[in-house]
Amino acid sequence: MTAPATPLLEVRRVTKQFPGVRALRSVNLSLGRGEVLAVIGENGAGKSTLMKILAGVQHPDSGEVRLDGAVIELRDVQAAQRHGIALIHQELNLAGNLDIGANIFLGREPARFGFVDRATIRSESAKFLAPLGLDLDPDTRVDDLPIGLQQLIEIAKALASRARVLIMDEPTSSLTQHESARLFQVIKDLRTQGVSVVYISHRLGEVKELADRVTVLRDGENAGELSRDAISHDAMVRLMVGRDVSQFYERKSHAPGEMMFEARAVRTPAHPRHEINFTLRAGEIVGLAGLVGAGRTELLQTLFGVAPAVGGELRVRGETVALRSPIDAIRSGIALVPEDRKQQGLVIEMAVSENLSLASLRRDQRGGFLNRPAEQAICDEMIPKLSIKTPSPAQPAQFLSGGNQQKVVLGKWLALAPRVLLLDEPTRGIDIGAKREIYALMDRLAAEGVAVLFVSSEMEEILGMADRVLVMHEGRLTGELSRAELGEEAVMQLATGGKKPARE
Amino acid sequence: MKKILGIFALLVAVCVVTVLFSDRFLTAYNLENVIRRTALFGIISIGVAFVIITGGIDLSIGSLICLVGCGLPWLLSVKGLPLPVALAAVLGASLLIGLAHGLLITKLRLQPFVVTLCGLLLYRGLARGLTGDQTQGFGAAHDGLRWLATGKLAVPGLGGFGVPMPCVILLFVAIAAAVFLNHTIYGRYLLALGRNEQAARYSGIDTSHMILLAYVICSGLAGLGGTLFVLDVNSAQPVDFGNFYELYAVAAAVLGGCSLRGGEGAILGVVIGAALMQVLRNMITLTGLPTHIEFAVIGAVILVGVSADEVVKRLAAKRRAAREAVVG
Ligand SMILES: Nc1ncnc2c1ncn2[C@@H]1O[C@H](COP(=O)(O)OP(=O)(O)OP(=O)(O)O)[C@@H](O)[C@H]1O
Ligand SMILES: [Mg+2]
C-alpha cells in the first residue's frame, strides 16, 4: 500500500530540545489512511518523544503537524484526542486504584442523569476487551493484574477512544507471543477499517510482519525509510545502527562450575501449593520460560527475598540461607534486575549516578558515610560499559529513554558483582545494539563464574542464550530442557502444561 | 541550592521591609529575640523535615511540645523528681513516642497523617490531664538550666549583642542533620525511599527501619524543642502551649524546599524557612499591624513564596532549553 497524495497525518521539520539533549532535529514523518507505519530506532533515538508530540503530551520547539493537509495545534492531550489521535504510552499509564472499566472510559465516562453509568461501562468494556482475548471482569482493580494484562488494558483503552490514528509505543514489550499475536490481528483489522497505526517496536520480526512502511530514526534525525518490500531484518538494522550487526547471540559454552544455588521444595507465597526444585551452577545461563502469569516473576521475587518462601530450602554454595528480605539476598551474593523498572528498578527522579550506586552504598560506605570516589568509580565503569546514553551522570533517570533506564538498572546490580544474577525480562524495551551488548555481558559474566537465571518471554532469546531452560506453567515447574532438548516446540509444550516430548 | 536562594531572597526582602517601617528591628534586643525564636522553631522544623522527606507528615509536634513543656516543670515542681531524672524522662518519652509513631506506620501500615493526628489529640489531652490543666513553670529555680534557652554568648565589639544559646544549639543540630542527610548512606536512603519506597527496598535498603528512624528523630527534636521552649518562657499552659507549632514547622520545611511528596529537602533551607516565619511575626508586632491577623499574613506570604518559587523554576527551565536550542 502506498501513501495517497495527501497523507492523513504529516510531521514536518519537527525539532525538540531537552536540557542537554536534542531529542528531535527537523524530523519528517507521514502516515497514510489505513496504513501501518513502523517507527524504529535505537534507544534514545527520539521515537517516544515524537509520538508524545503527536499526542499533545509534549510540544515541539519548531515544525508543524498536519492532519488532512491542514496544520493542527496539539496543545494538550484533549486536543489530540479531538483530532482522533490516541497514544498507547511506552510506560504504563493506568490509574491502578481504579477498575478496568473505569480505566477504559477514563475521561469519557458515559453518564446518566449526571451519574457515571456503570452498567454501560460494564457492557461496553467487554466490547473492547474481547478482541484482545481478554475475559476479565471489568470491576477488577488494575493494580491486581500482572503487568502483561495491564498493557492489554491500556490497548483496550486506546481502542475505546475510536481514534483515526492509533500510536502504539512498544505495545508488546510485556506481552507473550500469544498475546502479541492477538494484538497483531487487532491491528490488521483496524487497518482494514481504515484506521492508521503508528507502531514502535524493537522487535524487528513484528515490524516485518505488520508494517506497510518503516521510518527509521537515528539520534533524533530521519535515517531512512523502507517500503513494504524493502523491509528486511538487515536493512532495518543497517539504518538504525548505521552499520551491520553480525553474530547476534554470543554464547560461548562454559563448563559449568561449582554448585551456586539450589532450590529444594521451595514454595512461593503466590503459588504455595507447588514445590519448586532446581539448581544453578557457576558459569551457567539458565532461562526461565513460561506464559505471562506462570509465576516466573513471583519465583524470582522469592529467590530475592522480596516475597519470602513459605516453605522449602534455599542454598547458596551449599549453605542453607534464609532469604527474608532483599538485604539477605544481597548479602548472599544474589541480585535481581526486576521486571518493572519504573516501580521497582529505579528511583526515577534521582540522578543516574545515585541510581547506579544505590545498591552498593552499604558495601562501599566509610563507617556510615558516603564514599564519593567509589560512587564515581561505579559511574565511570558502568556508563561506558553499558553504553548508557545520558548527558551526564547527574541527569535524573526520568529523562533517559526507556532502554537507557533499563541499562541503569542493570548497571546498579552489576556494580555489586553478584554471584547469582536473576534477570526478569532483561532486554525489555532495549534496542538491538544494546540487546547484543547485554547478551555479550551475560556471556562474560557466566565466563567469570556468575550463575545467571533469566526470565524471558521472547522465545528467540531463550533459545539463543540459555544453556538450560526451566519452564513454568501456572505456578508449577513443568520441566527442564537441556541445550540438546531445546526447541520452540518443547518449550511451548511445557509452558502450556503439556509433557516434555519423548526423545527416544 | 537554587531553591534556597529564592527563599533567602524572600527573607532578606521581609527584613528590609521591616527595617524600613520600624527602627526597632535592628536593635540588639529585638534581633536576639528573633534569632532565639528562629532557633527554637528551627530545631523542630528540622525534625519534621526528616519525616517529610520520607513522604510522611507529623502533626503531633505541637502537642508533644506541650506534653514535654508542661511535663518537665510538673515532674520537677509537683512530683519533686531530681533534674537529671526529669530531663531523661521527658526526652525518653519523646523518643518513645517517635518510635511508636514509626512502628504504627511501618508495621501496622497506618497512614502518617492519621497516626500523628491522633497523637496531636492524645498528647495535649495527656498533658492537660496530668497537670490538672494547671499552668506549669519553674518559678525562680533551675536558672542554670534555663540559661540554655535564655542565655547568650556575648560577641565582643557588637554593642551588647550576643548570640542566643538556642542558636548555638541549633547550629549543632543543623550541622549534624545536614551531614547526616547529605553525606551518610542513611541520608541517601531516606531521600531514595521518599521518592520510591519499593525501588529502595529492592535495592537492599531496610526501608522500615529508616522510616522508623525519621519519626524518632522528629519526635526527639520536638522533645528537645519543647524543653527549650518552656525553659525560655518559664510558664506553660497545657491548654495552648505549643499550639499550631506543628504547622509552623511543616511550613518552614516546605518553604525551605521539602516536597510533601517526599524525597526532597535541604536543612539550610528549612532553617531559613523558620527564620522567615519568625521575622514575619516580628514585622507584624513592630509595624503595629493587629496581631490577630498574624496567621493571615503568614499564610499569604508562604503562598506567594511557594508560587513564586514554582514560577521561577519553570521560567528557568524554559530559558535553559531555549538557550541550548540555540547553542546545540
Ligand atoms: N523529558 C525529558 N527531559 C530530558 N530529556 C529527555 C526527556 N524525554 C526524553 N529525553 C531524551 O531525549 C532522547 C530521546 O528520547 P526518547 O524517549 O524519545 O527515545 P526513544 O527513541 O523512545 O528510546 P527507547 O527505545 O529507549 O524508548 C533521549 O536521549 C532522552 O534521554
Ligand atoms: Mg521510547
Side-chain angles (χ1 to χ4, degrees), chain A residues 15-23 25 61-62 220 301 304-306 325-331 334-351 354-372 375 391 396-398 409 412-413 416, chain B residues 1-3 53-55 106-107 175-210 213 257-265 313-328:
Chain A
T15 293
K16 174 78 188 175
Q17 174 83 35
F18 290 115
V21 189
R22 173 158 290 183
R25 189 188 308 239
D61 299 331
S62 63
Q301 286 179 340
F304 190 58
V306 176
S325 73
I327 301 170
D328 294 339
I330 291 169
R331 203 173 288 135
I334 304 171
L336 168 68
V337 173
E339 178 180 28
D340 185 344
R341 63 172 164 255
K342 228 169 150 186
Q343 296 298 323
Q344 299 155 353
L346 291 170
V347 182
I348 200 111
E349 298 95 341
M350 279 187 137
E354 289 168 327
N355 273 292
L356 281 173
S357 65
L358 194 56
S360 313
L361 291 178
R362 188 188 306 274
R363 179 197 60 193
D364 295 338
Q365 65 174 310
R366 291 173 168 165
F369 284 88
L370 292 171
N371 184 345
R372 307 240 184 226
E375 210 171 348
Q398 58 185 332
V409 184
K412 171 167 83 175
W413 292 109
L416 268 182
Chain B
M1 208 59 222
K2 283 223 183 81
K3 251 187 151 157
I53 284 170
T54 68
T106 56
K107 299 289 177 234
I175 289 176
V179 168
F180 182 79
L181 192 60
N182 301 315
H183 297 285
T184 69
I185 61 171
Y186 308 107
R188 182 69 67 77
Y189 286 174
L190 282 176
L191 291 167
L193 77 86
R195 302 276 198 184
N196 185 345
E197 190 183 342
Q198 204 181 4
R201 202 167 53 242
Y202 270 74
S203 300
I205 295 170
D206 193 338
T207 52
S208 296
H209 277 147
M210 293 310 302
L213 180 65
C258 293
S259 160
L260 287 179
R261 279 184 293 271
E264 242 180 299
K313 232 179 7 200
R314 285 192 198 170
L315 283 181
K318 239 187 213 157
R319 249 207 318 266
R320 201 172 87 159
R323 197 172 50 234
E324 279 167 5
V326 174
V327 176

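Here is the naming used below: chain letters follow the sequence lines, and residue numbers restart at 1 for every chain.
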Chain A interface, residue from B:Asn182, B:Leu193, B:Val179 that has the most non-hydrogen pairs under 4.5 Å: B:Asn182
Side-chain (B:Asn196) to main-chain (A:Gln343) donor-acceptor, under 3.5 angstrom: yes
Exceeds 12 heavy-atom contacts within 6.0 angstrom, atom CZ of B:Arg261: no
Most chain B-contacting option - heavy-atom pairs closer than 4.5 Å, from A:Pro326, A:Gly305, A:Ser360: A:Pro326
Distance in Å, B:Tyr202 OH paired with A:Leu358 CG, rounded so as to fall on 0.5 Å steps: 14.5 Å
Region of A:Thr15 that comes under 4.5 Å of a non-hydrogen atom in chain B: neither
Portion of A:Glu354 that has a non-hydrogen atom of chain B nearer than 4.5 angstrom: both
Residue pair A:Glu375 / B:Arg188, side-chain heavy-atom distance below 4.5 Å: yes
Minimum heavy-atom distance A:Val347-B:Ala192, with the two atoms named: CG1-O, 3.8 Å
Region of A:Arg372 that comes under 4.5 Å of a non-hydrogen atom in chain B: side chain
Under 4.5 Å from a heavy atom of chain B, the part of A:Leu361 involved: both
Interchain contact, B:Phe180 with chain A, by part (heavy-atom threshold 4.5 Å): neither
Structural part of B:Ile205 lying under 4.5 Å from a heavy atom of chain A: both
Contact leader toward chain B among A:Arg366, A:Arg341, A:Gln301, where contacts are heavy-atom pairs under 4.5 Å: A:Gln301
Segment of A:Lys412 engaging chain B (4.5 angstrom heavy-atom cut-off): side chain
